[in-house]
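If you're wondering where the values come from, they're calculated on a predicted model, not measured in any experiment. Residue numbers run from 1 in the order of the sequence given.
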Amino acid sequence: MFFPVIQPIHHAGSAYEKSRARAEALGVLPIPEETNEDVRFARPCRAAAQIVFPKDSEILEGFLGGGHWNLGVFLAYFFARKQGILRGCTNFAVLPDATKDGHTVVGRN
């Protein structure tokens with residue numbers, strides 16, 4: 001059985017610059033249309049992630065800049081997607097009013 005070898009690509013610079021370069025290299029991605037409900041869900045997730053994972057926020061901003069996506073569409077895909085070809089990366093945020101102890105919970109793989 002043959003498995004193609006994928007050569008790693010290393011980008012230099014800040015987290016923003018590396019992420020922007022990755023998005024530019026990907027080109028156009030088939031991101032599904034978002035619903036208003038998905039966008040409403042995604043915006044507070046982004047705000048929580050910016051507080052808890054500030055470096056990830058820099059990565060997200062670079063990816064947005066390099067991909068030239070509509071912010072609402074991309075945030076809905078990133079935080080609230082239910083379909084798509086880029087499954088596997090998980091980011092989540094649970095706001096205080098939805099947790100037993102009133103804390104914000106965030107995670108990623």
Non-hydrogen atoms of Glu58 and Ala15 that approach each other most closely: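 Scanning both residues completely, I find the closest heavy atoms to be OE2-N, 3.6 Å.
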Minimum heavy-atom distance Gly67-Ala23, with the two atoms named: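 Closest approach of Gly67 to Ala23: N-CB, 3.5 Å.
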Roughly how far, to the nearest 0.5 Å, is [atom2] of [Y] from [atom1] of [X]?
{"X": "Phe74", "Y": "His68", "atom1": "CZ", "atom2": "NE2", "answer": "13.0 Å"}
{"X": "Glu24", "Y": "Ser19", "atom1": "CD", "atom2": "OG", "answer": "10.0 Å"}
{"X": "Phe41", "Y": "Asn36", "atom1": "CZ", "atom2": "CG", "answer": "15.0 Å"}
{"X": "Arg22", "Y": "Ile59", "atom1": "CZ", "atom2": "CD1", "answer": "7.0 Å"}

Side chains of Val39 and Leu75 in contact at under 4.5 Å (non-hydrogen atoms): no
Trace of the side chain to side chain contact (heavy atoms under 4.5 Å, CB included) decision for Arg43 with Leu71: CA-CA 10 Å; Arg43 289 191 186 278; Leu71 179 63; 4.0 Å; yes
Set of side chain to side chain donor-acceptor pair (under 3.5 Å) partners for His103, sequence neighbours left out: Asp101
All ring-ring contact (aromatic ring centres under 6.0 Å, His included) counterparts of Tyr16, not counting sequence neighbours: none
Arg20 side chain vs Phe63 backbone, donor-acceptor pair below 3.5 Å: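 No, Arg20 side chain to Phe63 backbone: no donor-acceptor pair under 3.5 Å.
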Salt bridge (charged side-chain N to carboxylate O under 4.0 Å, His left out): pairs with one or both residues in residues 59-68, sequence neighbours excluded: Arg46-Glu61
